[in-house]
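Below you'll find the structure, written out as structure tokens, and then a few comments.
Below, chain A is the first sequence line, B the second, and so on; all start at residue 1. Quick note: numbers below take in every heavy atom, side chains included, and nothing from hydrogens, waters or symmetry partners.
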Amino acid sequence: MPELPEVETVRKALLKIINKAVIKEVKIFRNDLRWNIKDNLRVILEKDIFQKPYRKGKYLLLPTFKNKILLIHLGMSGQIKIRDNKYVETKHDHITITVEAENSTEYSITYNDPRRFGYVDIFDKREVGHHFLLNRLGLDALDRNLTFGYLKGCFENRKKSIKNTIIDQSIIAGIGNIYASEILFSAKIHPYRSANSLNFDEISSIIKASKFILKKAIRVGGTTIQNHVQPDGKLGYFRQKLKVYGRKGLKCLNCKNIIITSFIGKRSTFFCEYCQV
DNA sequence: CGGCATCCCTGGGAGC
DNA sequence: TGCTCCCAGGGATGCC
């Protein structure tokens, strides 16, 4: 499932080709994603030129010279495919953008999403802070301003579980269900603990574990559970490095007790009830 | 405002 | 082999 490292993998792949790339053609095969894609997306984008892509949490933002931003969210099953211009569309491809890169090579960039939980939108750069999907986002998990002071403030008065708190995008943007289990396991914090019960050391270890795990996952191209594929078609290799997610019934890598799973707010959570306290 | 349930969607695996 | 059922989960929305 695309969380911060998977989206970052896509951003880095796009960065190699789309900066200063001319948008030659935009094809929309179906527009009923999570919300309907705007009718004028094709007209707005064609003949414009991409700039450097960036990311906020799980959102990918592709700015252009004409002061627009193409926003992409991969939902749960979304994928970006970067291929040469002879690419032939397959099932669940919803949009293909053909660009001419700075080196005159043509590429096709395709958004594929079987479950259509994702979204693609276009808007003016100046609206970026007001966009309905971006205006409530908290700090990005890799933002250097994500400090003890920031999280302490967010956790105050928050009685709900720390697991549900760190996947709340209005507090920390980028962490999803898989990395939440991994981060709490690494920080040795029980997922059911209420957010406001954490002390200085515990909050600090969550920050440290988040940055460490997310960066490590980015380095190997993200996690492939079901269908995360990097834009070049390669799988992400972080799955082999997961220490707790998906390890129900297996021995804890720290204390050899058995990893258990339960549902916290409808999401499966993996943890060790002995070394996570 | 916090917290919780509900809904959107399709593929894949389990069970019969 | 084929059917049905359940689960995976990001995040807006609406209700209390």
What integer distance in Å separates [X]:[atom1] from [N]:[atom2]?
{"X": "Ile166(A)", "N": "dG11(C)", "atom1": "CD1", "atom2": "P", "result": "14 Å"}
{"X": "Tyr119(A)", "N": "dC8(B)", "atom1": "OH", "atom2": "C1'", "result": "15 Å"}
{"X": "Leu134(A)", "N": "dG11(C)", "atom1": "CG", "atom2": "P", "result": "11 Å"}
{"X": "Glu6(A)", "N": "dA8(C)", "atom1": "CD", "atom2": "C1'", "result": "15 Å"}
{"X": "Ile167(A)", "N": "dG10(C)", "atom1": "CD1", "atom2": "C1'", "result": "9 Å"}
{"X": "Lys266(A)", "N": "dC7(C)", "atom1": "NZ", "atom2": "P", "result": "8 Å"}
{"X": "Phe263(A)", "N": "dC6(C)", "atom1": "CZ", "atom2": "C1'", "result": "10 Å"}
{"X": "Phe117(A)", "N": "dA12(C)", "atom1": "CZ", "atom2": "P", "result": "13 Å"}

Check this for me: does the side-chain of Arg115(A) come within 3.5 Å of the base of dG11(B) through a donor and an acceptor?
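Donor-acceptor pair under 3.5 Å: no.
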Between the side-chain atoms of Arg116(A) and the base atoms of dC9(B), is any donor-acceptor pair under 3.5 Å?
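Side chain to base: no pair present.
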Is [Y] paired with [X] through a side-chain N to carboxylate O contact shorter than 4.0 Å?
{"X": "Arg30(A)", "Y": "Asp93(A)", "value": "no"}
{"X": "Asp121(A)", "Y": "Lys38(A)", "value": "yes"}
{"X": "Glu202(A)", "Y": "Arg193(A)", "value": "yes"}

Would you please say whether a donor-acceptor pair under 3.5 Å links the side chains of [X] and [Y]?
{"X": "Thr98(A)", "Y": "Glu106(A)", "result": "no"}
{"X": "His94(A)", "Y": "Asn31(A)", "result": "no"}
{"X": "Asn177(A)", "Y": "Lys163(A)", "result": "yes"}
{"X": "Tyr192(A)", "Y": "Ser262(A)", "result": "yes"}

What's Leu133(A) touching, base or sugar-phosphate or nothing? Going by heavy atoms closer than 4.0 Å.
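Counting heavy atoms under 4.0 Å across all strands, the contact made by Leu133(A) is with sugar-phosphate only.
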With a cut-off of less than 4.0 Å, is there a side-chain N or O of [X] near OP1 or OP2 of [N]?
{"X": "Lys58(A)", "N": "dG11(C)", "answer": "yes"}
{"X": "His73(A)", "N": "dG11(C)", "answer": "yes"}
{"X": "His92(A)", "N": "dC9(B)", "answer": "no"}
{"X": "Lys91(A)", "N": "dG11(B)", "answer": "yes"}

Angle by which the axis turns from one end of the helix from dG2(B)-dC16(C) to dC16(B)-dG2(C) to the other, five pairs per end, to 10 degrees
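The two end axes of the helix from dG2(B)-dC16(C) to dC16(B)-dG2(C) meet at 40°.
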Starting at the 5' end of DNA chain C and moving along, which residue's nearest nucleotide shows up first, Glu3(A) or Arg136(A)?
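Here Glu3(A) is the residue nearer the 5' end.
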Just to verify, which of Tyr111(A), Phe132(A), Trp35(A), Tyr59(A) counts as forming a ring pair (Phe, Tyr, Trp, His ring centres under 6.0 Å) with His73(A)?
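Looking at Tyr111(A), Phe132(A), Trp35(A), Tyr59(A), the match for His73(A) under the ring pair (Phe, Tyr, Trp, His ring centres under 6.0 Å) is Tyr59(A).
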Quick one: ring-ring contact (aromatic ring centres under 6.0 Å, His included) pairs with a partner in residues 146-171 of chain A, sequence neighbours left out?
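Residue pairs with at least one partner in residues 146-171 of chain A: Phe148(A)-Phe200(A).
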Nearest 0.5 Å please: distance from the CG atom of Asn254(A) over to the CD atom of Gln276(A).
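Taking CG in Asn254(A) and CD in Gln276(A), the distance rounds to 8.5 Å.
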Mind running a 4.0 Å heavy-atom check of residues 154-163 of chain A against DNA chain C and sending the residues that fall below it, in number order?
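Within residues 154-163 of chain A, no residue comes under 4.0 Å of DNA chain C.
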